[in-house]
Amino acid sequence: MNIAKTYQPTEAEEKWYQYWLDHKFFRSVPDEREPYTIVIPPPNVTGVLHMGHMLNNTIQDVLVRRARMKGKNACWVPGTDHASIATEAKVVAMLKEKGISKKDLTREEFLKYAWEWKEKYGGIILEQLKKLGASCDWDRTRFTMDEDLSEAVIDTFIHLYKKGWIYRGVRMVNWDPQGKTAVSDEEVNRKEVNQKLYYIQYKIVNSEQSIVSENSETHHSPFTTHYLTIATTRPETIMADTAICINPNDERYKHLHGKKAIIPLINREIPIILDEYVEMDFGTGCLKVTPAHDLNDYNLGIKHNLPVIDILNDDGTLNEKAEILVGVDRFAARKKIAVLLEEAGQLEKVEDYKSQIGFSERTDAVIEPKLSMQWFCKMEEMAKPALDYVLKGDIKLIPDKFVNTYRHWMENVHDWTISRQLWWGQRIPAWYNEKGQWVVAKTKEEAENEFRVSGLEFSVLTQEDDVVDTWFSSWLWPISVFDGFKDPNNADINYYYPTNDLVTAPEILFFWVARMIMAGHEFRGEVPFRNVYLTGIVRDKLGRKMSKSLGNSPDPLGLIEQYGADGVRVGMLLSSPAGNDLMFDERHCRQGSEFANKVWNAFRLIKGWEVNDQLENTNKVTIDWFKSRFSQALAEIESNFAQFRLSDALMATYKLVWDDFCAWYLEMIKPAYEHPIDRETYTQTIKFFEDVLKILHPFMPFITEELWHDELFGERSEKDCCIVAQMPEIGQINTQLLSEIETIKQVVTAIRKTRDSKQISQKETLALSVKVNSEIEYSDYQLIISKLANVGEFTLVNDKVAGAVSFIVSKDEFYIPLTENIDPVAEKERLLKEKEYLLGFLKSVNAKLSNERFMNNAKPEIIENELKKKADAETKLKIIEENLASLAD
RNA sequence: GGGAGUUUAGCUCAGCUGGUUCAGAGCAUCUGCCUUACAAGCAGAGGGUCACUGGUUCGAACCCAGUAACUCCCACCA
């Protein structure tokens, strides 16, 4: 036999992936079969594969391959996302390297570069997915900025605008001064940061004389001086203050009511206003109100009709409204202001202080609350039905603990800021005239028409500069990939939509999943998918999130090279229950590749057998047993899949293959070295092996396909492939046979243990006598025991065998005569120990049975069981006592 | 500050409506084997006060209350 001792994945993987592509096994078109559909969560078009993708796409591929093998018309739609902020940032960086600045380019020029970049790097990630074995229908690959998909975005924008759900307004937004764009609340990461709390004195107007005259210089309380003190973490914004606010109930500051204060350094007068919003016991009880740079202050400003002074430029530097430090960055300005205040004698003290600060998810810059004109999408009406779908169970979240989180979010939903100050994306279809009046329309011509209809004057219309948020295109993904907007009644959308399962990360449950549900309801009146499987975050062994900056993420393609795609897939799935974070450990991949090797070697064994047609089949019981065992395991696997318990399904498969098939079945039927095997056993075994390959295929597509085509299985037609084989069905399960074989296994194990403890070599043949007290026909199993435990003489006896090592399995007594090695003292000790245990056990069972309340309250089957436990224990005890007695003889 | 979740063997996790023989798996560990499918293997073994404290019950890893630690989400205390 000339087959490698170990499985070599690389070559097989390339060969079979190409074969599958060539034979269009991933291709799906509507037909009469039941569809099974997954749309990929589109990865960032310029991204590269990371461990999160590996996990996510392995799961999707397992589901898709399984559905395909169960006779469904499986369709997995791949694609990529244009990811405006991330991609635009990359393009800007690339241009910078070339010495080109974005602001020197026109929009068109910039977009030309961006598209070039996309053409060059876009889709790398999809190529990487192929290495993993992803069975996507590549003919359906979509990009969120494909013409049709962009058009859908514009059409839905107009649709929602007409419904009154999209509006424009000045809002406090999360401004990213580095990306120079607004980001949504969900894209802001809050982190606790060590800061300084600055105590700054503001003079009070016209109070100097009166207070000073009323109070002698020696006694003056801090509350009646000619100044007040505020505490702030952001002294650089004092120039934007438009009021000081105190709590009207604050006794300390009654004298300030109706007064004015003076901003230090720039000496501008601002009113002192009263509002219960101010906490009296925080800081000094005086709050500086800066409507342009703080959301609370903004709201306070609206309430009290305060002016808004914005002193920051888009890049975070101070503008001329600040009067001082113009052009200085906000953080540098903070330090300088502190110095200036100190010099002016108006900085009372500085304290260390911890508080939460927002950081941009994309650029990690500190978020600046900023007032700006933005586009918004109302969420309330869309959130309601989207919540109901989940609460009613039309959409299942897996695991369901996410339902609570989902509900909480949907009940407290904020309007969605959909505009982004970027160029890479779908440009908002709004058109302005010279006066800033505007309409929403698909084209310039339509817009001009709108203007005419409404009687507004214009000479030239300009389109809105902003693009929509990327999620405003990806929320349409399950519909737009099937052209459900362009052609709402086409064959594809009618057949594939709603899709079945969505596999994604919990952190985008609201960004993306919730919004897809809203869009599904709004634009199709239907859910977009039935089940949402939420994967965990891939972390390293120390529990840290895998990230580029930490450098703790292994290179996925490197892993595939090392362990094979099958090995890595198994490794990813071994310990990743839905919703739990996955503590990635390369050892799991090794376990996966070792498993592949095990399968490979099972193949080598069978492949090496020679058949002799003259031989009689002596393995009927074993074959029957494995049939039952296979069905039993299959039922378990099916049930695990039904509950999306993929790692359990994999583990059940793993154990079936390794333990039941390899360790027990093959060892039971294996002919002696260089002996032939009978035809029937051979044929059955090949059939079993083929079934094993099938159930393994979704997890390990490559090795199974490789083996599938071996001549061992006879002639295969070109299209007879494991990938499209029909999954085995659950057959008859003979539970009696299963339990009897379990007993036989215990007998074998007991004999092996005896060998171990008496240091008898496996090569030495032993004799075995059985005193049968149960119903088991040991003659049926004699061959199995003999083979697996190297037993020669096998006798059924009616009496105890003296001078032998004994053990009991279920009720039956086994004796191995061992004249040389037997040690009566040790044997007695062992028996006494077992007796002691049984007595204790009986005591606890009897305690239960004699407890009146137990007998009255416990269910009948529980009592019956206790009685059985008692009887079994008594039987065993009797045998042990007899054995002890015979030892004493 | 509010809400949710987690805590079971060295590690990662099962344990369904409380009830089979002092709690299970995989990996890791230990011991013995290079037995012609596989040392990426085989055979065997050890390992747990089910976070803690109370309670309910004939009976609790499971139900209830409290405590502690960790994780995540939400939130406008300067």
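A note on names: the letters A, B, ... follow the listed sequences, proteins ahead of strands, and every chain is numbered from 1.
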Novice: Between A:Trp409 and A:Tyr406, is the ring centroid distance below 6.0 Å?
Specialist: no

Novice: When you compare B:U20 with B:A61, how far apart are their P atoms, in angstrom units rounded to a whole number?
Specialist: 10 Å

Novice: Using the C1' atom as the reference point in each nucleotide, state the distance between B:C30 and B:G19 in Å, no decimals.
Specialist: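 Each nucleotide's C1' atom is 35 Å from the other's.
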
Novice: To the nearest 0.5 angstrom, please state how far the OG1 atom of A:Thr685 sits from the CZ atom of A:Phe661.
Specialist: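 Going from OG1 on A:Thr685 over to CZ on A:Phe661, the span is 6.5 Å.
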
Novice: Which part of the nucleic acid, if any, lies within contact of A:Asp872, taking any heavy atom under 4.0 Å across all strands shown: a base, the sugar-phosphate backbone alone, or nothing?
Specialist: base

Novice: Check every strand shown and say whether A:Thr749 touches a base, only sugar-phosphate, or nothing at a heavy-atom separation below 4.0 Å.
Specialist: sugar-phosphate

Novice: Base, sugar-phosphate, or nothing for A:Arg645, non-hydrogen atoms under 4.0 angstrom?
Specialist: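 Contact class for A:Arg645: sugar-phosphate only.
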
Novice: Could I get the full list of side chain to side chain donor-acceptor pair (under 3.5 Å) partners for A:Thr681, not counting sequence neighbours?
Specialist: A:Asn617, A:Asn619, A:Asp678

Novice: Return the set of residues passing side chain to side chain contact (heavy atoms under 4.5 Å, CB included) with A:Thr405 (not counting sequence neighbours), or none when no residue passes.
Specialist: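 Side chain to side chain contact (heavy atoms under 4.5 Å, CB included) list for A:Thr405, sorted by chain: A:Phe402, A:Phe510.
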
Novice: Among B:C74, B:U20, B:G26, which nucleotide has an atom closest to any side-chain atom of A:Gln591?
Specialist: B:G26

Novice: On a whole-Å scale, what distance lies between the P atoms belonging to B:C72 and B:G66?
Specialist: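 That atom pair is separated by 24 Å.
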
Novice: With sequence neighbours excluded, tell me which residues meet side chain to side chain donor-acceptor pair (under 3.5 Å) with A:Lys670.
Specialist: A:Glu667

Novice: Can you tell me, in whole Å, how much space there is between the P of B:G5 and that of B:C63?
Specialist: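 Each nucleotide's P atom is 12 Å from the other's.
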
Novice: Could you work out, with ring-ring contact (aromatic ring centres under 6.0 Å, His included) as the rule, every residue matching A:Tyr682, not counting sequence neighbours?
Specialist: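 A:Tyr682: no ring-ring contact (aromatic ring centres under 6.0 Å, His included) contacts found.
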
Novice: A:Ile862 has a side chain; which of B:G19, B:A37, B:A14 sits nearest to it?
Specialist: B:G19

Novice: Nearest to the A:His408 side chain among B:C74, B:G15, B:A75, which nucleotide is it?
Specialist: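 Looking only at side-chain atoms, A:His408 lies closest to B:C74.
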
Novice: Rounded to the nearest angstrom, tell me the gap between atom CG in A:Leu838 and atom P in B:C22.
Specialist: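 After rounding, the reported distance stands at 12 Å.
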
Novice: Are any protein N/O atoms closer than 3.5 Å to N/O atoms in nucleotides 30-35 of chain B? If there are, list each pair with its distance.
Specialist:
none

Novice: Would you mind reading off the distance between A:Asn174 atom CG and B:A75 atom C1', rounded to a whole angstrom?
Specialist: 13 Å

Novice: Considering only nitrogen or oxygen atoms on both sides, find all protein atoms under 3.5 Å from nucleotides 38-42 of chain B and state each distance.
Specialist:
unit_1: B:C38; atom_1: O4'; unit_2: A:Asn601; atom_2: OD1; d: 2.8
unit_1: B:C38; atom_1: O4'; unit_2: A:Asn601; atom_2: ND2; d: 3.4
unit_1: B:C38; atom_1: O2'; unit_2: A:Asn597; atom_2: ND2; d: 3.4
unit_1: B:C38; atom_1: O2; unit_2: A:Lys598; atom_2: NZ; d: 3.0
unit_1: B:C38; atom_1: N3; unit_2: A:Lys598; atom_2: NZ; d: 2.7
unit_1: B:A40; atom_1: O4'; unit_2: A:Glu594; atom_2: OE2; d: 3.1
unit_1: B:A40; atom_1: O2'; unit_2: A:Asn597; atom_2: ND2; d: 3.3
unit_1: B:G41; atom_1: O3'; unit_2: A:Lys598; atom_2: NZ; d: 3.2
unit_1: B:C42; atom_1: OP1; unit_2: A:Lys598; atom_2: NZ; d: 2.8
unit_1: B:C42; atom_1: OP1; unit_2: A:Trp658; atom_2: NE1; d: 2.8

Novice: Under 4.0 Å between a Lys/Arg side-chain N and an Asp/Glu carboxylate O for A:Lys598 and A:Glu594?
Specialist: no

Novice: Which whole-number value in Å describes the distance from A:Leu534 CG to B:A4 P?
Specialist: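 Taking CG of A:Leu534 and P of B:A4, I get 19 Å after rounding.
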
Novice: Counting side-chain heavy atoms from C-beta on, which of B:C76, B:U20, B:A37 comes nearest to A:Asn296?
Specialist: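 Closest nucleotide among those given: B:C76.
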
Novice: Check A:Glu351, A:Glu348, A:Gln346 against A:Tyr199 for a side chain to side chain donor-acceptor pair (under 3.5 Å) and give me the one that passes.
Specialist: A:Glu351

Novice: Can you measure A:Phe603 atom CZ to B:A37 atom C1' for me and round it to whole angstrom units?
Specialist: 11 Å

Novice: Please state whether the rings of A:Trp600 and A:Phe603 are parallel, tilted or perpendicular, taking 30° and 60° as the class boundaries.
Specialist: tilted

Novice: Sequence neighbours excluded, which residues qualify as side chain to side chain contact (heavy atoms under 4.5 Å, CB included) partners of A:Glu852?
Specialist: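 Residues passing side chain to side chain contact (heavy atoms under 4.5 Å, CB included) with A:Glu852: A:Asn856.
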
Novice: Could you give the distance separating B:G47 and B:C33 at their P atoms, to the nearest angstrom?
Specialist: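 Nearest-Å result for B:C33 against B:G47 at atom P: 23 Å.
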
Novice: Measure the distance from CG on A:Asn412 to P on B:A4 and round it to the nearest whole Å.
Specialist: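 These atoms are roughly 13 Å apart.
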
Novice: Mind checking ring-ring contact (aromatic ring centres under 6.0 Å, His included) for A:Phe702 and listing every partner two or more places apart, or none if nothing turns up?
Specialist: A:Trp20

Novice: Restricting to ring-ring contact (aromatic ring centres under 6.0 Å, His included), what partner residues turn up for A:Tyr654, sequence neighbours left out?
Specialist: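 Only A:Phe595, A:Trp658 meet the ring-ring contact (aromatic ring centres under 6.0 Å, His included) criterion with A:Tyr654.
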
Novice: When the C1' atoms of B:A23 and B:C70 are considered, how many whole Å apart are they?
Specialist: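 Roughly 24 Å separates the two C1' atoms.
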
Novice: What do the steps show when you test A:Arg752 against A:Asp756 for salt bridge (charged side-chain N to carboxylate O under 4.0 Å, His left out), and what is the final call?
Specialist: CA-CA 6 Å; A:Arg752 285 170 177 170; A:Asp756 226 48; over 6 Å; no

Novice: List the residues meeting ring-ring contact (aromatic ring centres under 6.0 Å, His included) with A:Phe807, not counting sequence neighbours, and say none if there are none.
Specialist: A:Phe814

Novice: Sticking with atom C1', work out how far B:A65 lies from B:C22, rounded to a whole angstrom.
Specialist: 28 Å

Novice: Between P on B:A78 and OH on A:Tyr198, what's the gap in Å once rounded to a whole number?
Specialist: 15 Å

Novice: Give A:Val278 one of three labels, base, sugar-phosphate or nothing, depending on what nucleic acid heavy atoms sit under 4.0 Å from its own.
Specialist: base

Novice: Let me know the distance between CG of A:Leu287 and C1' of B:C76, rounded to the nearest Å.
Specialist: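 It is 11 Å, rounded to the nearest whole Å.
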
Novice: Taking only the P atom of each, what is the distance from B:U31 to B:C73 in whole angstrom?
Specialist: 45 Å

Novice: Between N or O atoms, less than 3.5 Å apart, protein on one side and nucleotides 57-61 of chain B on the other: list the pairs.
Specialist:
unit_1: B:C58; atom_1: OP1; unit_2: A:Arg853; atom_2: NE; d: 3.4
unit_1: B:C58; atom_1: OP1; unit_2: A:Arg853; atom_2: NH2; d: 3.3
unit_1: B:C58; atom_1: OP2; unit_2: A:Arg853; atom_2: NH2; d: 3.0
unit_1: B:C58; atom_1: O2'; unit_2: A:Asn851; atom_2: ND2; d: 3.0

Novice: Tell me the stems RNA chain B sits in, counting at least three consecutive Watson-Crick or G-U wobble pairs, each under 3.5 Å on both distances.
Specialist: B:1-7 with B:68-74, B:10-13 with B:24-27, B:29-33 with B:41-45, B:51-55 with B:63-67

